[in-house]
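Everything below concerns the one structure shown next.
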Amino acid sequence: FQYVSFCETFSSPKSFSTMWKWILTKGALAFSHLSCVSLLVLIYTVSITCNDIGKDMHSAGVTNSSVVVGRHVRSYNHLQGDVRKRKLFSFQKFFLRIDKNGKVNGTKSKDDPYNILEIKSVEVGIVAIRGLHSNYYLAISKKGKVYGASEFGVDCKLKERIEENGYNTYASSEWKHKKKQMFVGLSANGTPLRGKKTRRKNTATHFLPIVV
């Protein structure tokens, strides 16, 4: 009965047109309400998600900065003030020694007490090398002379670097010759080389630190 009444109500073309207008109007209104609700739900969800992500990023940022700071402090403490007892064995098969008079040369004797050295980091990448028994510091003068200094000074600051072959080089951190670094080096007969004639790639300047 209700179905017949409904059909009869909209049996005329005018009534049928009215029915479609009603359906479209009500449908659009319902859809607009639904869209607004969905949009509000979506905005609320995105807002909560972004807020959570922001908190996570902030926490991660704090954590990472703490790690970086901690790592920096640990590296700083390790590099500055670090003391090592070593023998420096040259590529030329000599142990570098500083005798009781401050003379620097090489020896083949591994038991020579004057080849025991104390290597101390005074700045990041900069070391001071002292003869443990002679109490003289390994030094390079402005003119490139390698000698033993009785007191620590600018000549005693050496740049320590590990080369590709695993050996270390030691260059003056203060002085250069024609804008080129001057290195500690031993010749084929164990005598110290003039810094002006040394180069990083020259194996005469390469030393292997041996733990004492």
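No hydrogens, no waters, no symmetry mates; every other heavy atom, side chains included, goes into these values. Since this is a predicted model, take the numbers as computed values, not measurements.
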(message) My understanding is that only residues two or more places apart in sequence, or in another chain, count here; which of them pass side chain to side chain donor-acceptor pair (under 3.5 Å) with Asn189?
(response) Ser187, Thr191

(message) Strictly distance-based, threshold 3.5 Å: is any side-chain N or O of Asn115 a donor or acceptor partner for the main-chain N or O of Asp112?
(response) yes

(message) List the residues meeting side chain to side chain contact (heavy atoms under 4.5 Å, CB included) with Lys179, not counting sequence neighbours, and say none if there are none.
(response) none

(message) Can you list, by chain and residue number, the hydrophobic cluster partners of Tyr114 when the side-chain cut-off is 4.5 Å?
(response) none

(message) Please determine whether the number of non-hydrogen atoms from other residues, nucleotides or ligands lying under 6.0 Å from atom OH of Tyr167 exceeds 12.
(response) yes

(message) Please list all pairs meeting side-chain hydrogen bond (donor to acceptor under 3.5 Å, both in side chains) that have one or both residues in residues 145-160, counting only residues at least two apart or in different chains.
(response) Arg84-Glu160, Glu123-Lys157, Tyr147-Asp155, Asp155-Trp175, Glu160-Asn168, Glu160-Tyr170

(request) Check which hydrophobic residues are tied to Leu193 through side-chain heavy-atom contacts below 4.5 Å, counting indirect links as well, and list them. (result) none

(request) Mind checking side chain to side chain contact (heavy atoms under 4.5 Å, CB included) for Leu132 and listing every partner two or more places apart, or none if nothing turns up? (result) Lys85, Ile116, Glu118, Arg130

(request) Determine, using the 4.5 Å side-chain heavy-atom cutoff (strictly less than), whether Tyr137 and Leu186 are members of one ILVMFWY cluster. (result) no

(message) What verdict does the side-chain contact (heavy atoms from CB on, under 4.5 Å) test give for Ile129 and Leu96, after you've listed the backbone C-alpha separation in whole Å, the side-chain angles of each residue and the deciding distance to 0.1 Å?
(response) CA-CA 11 Å; Ile129 300 176; Leu96 188 143; 5.8 Å; no

(request) Might you work through the side-chain contact (heavy atoms from CB on, under 4.5 Å) test for Leu138 and Leu117, ending with a clear yes or no? (result) CA-CA 9 Å; Leu138 183 63; Leu117 308 171; 5.9 Å; no

(request) Please identify each residue that fulfils ring-ring contact (aromatic ring centres under 6.0 Å, His included) with Phe94, with sequence neighbours left out. (result) none

(message) My understanding is that only residues two or more places apart in sequence, or in another chain, count here; which of them pass side chain to side chain contact (heavy atoms under 4.5 Å, CB included) with Lys201?
(response) none

(request) Mind checking ring-ring contact (aromatic ring centres under 6.0 Å, His included) for Phe95 and listing every partner two or more places apart, or none if nothing turns up? (result) Phe89

(message) Can you list everything that forms a salt bridge (charged side-chain N to carboxylate O under 4.0 Å, His left out) with Arg200? Sequence neighbours excluded, please.
(response) Glu163

(message) Taking Tyr136 as the starting point, is it possible to reach Val127 by hopping between hydrophobic residues whose side chains are less than 4.5 Å apart?
(response) yes

(request) Using the rule that two of Ile, Leu, Val, Met, Phe, Trp, Tyr join whenever any of their side-chain heavy atoms come within less than 4.5 Å, decide whether Phe152 and Leu158 are in one cluster. (result) no

(message) For the CG atom of Leu208 and the CD1 atom of Ile162, what is their distance to the nearest 0.5 Å?
(response) 10.5 Å

(request) Would you mind listing every side-chain hydrogen bond (donor to acceptor under 3.5 Å, both in side chains) that reaches into residues 202-212, with sequence neighbours excluded? (result) Asn165-His206

(request) For the pair His133 and Lys100, evaluate side-chain contact (heavy atoms from CB on, under 4.5 Å) and give the outcome as yes or no after the intermediate values. (result) CA-CA 7 Å; His133 290 276; Lys100 61 181 181 180; over 6 Å; no

(request) Would you indicate whether Lys108, at its atom NZ, is surrounded by more than 12 heavy atoms from other residues, nucleotides or ligands within a distance under 6.0 Å? (result) yes

(request) Under the salt bridge (charged side-chain N to carboxylate O under 4.0 Å, His left out) rule, collect the residues that match up with Glu174, sequence neighbours excluded. (result) none

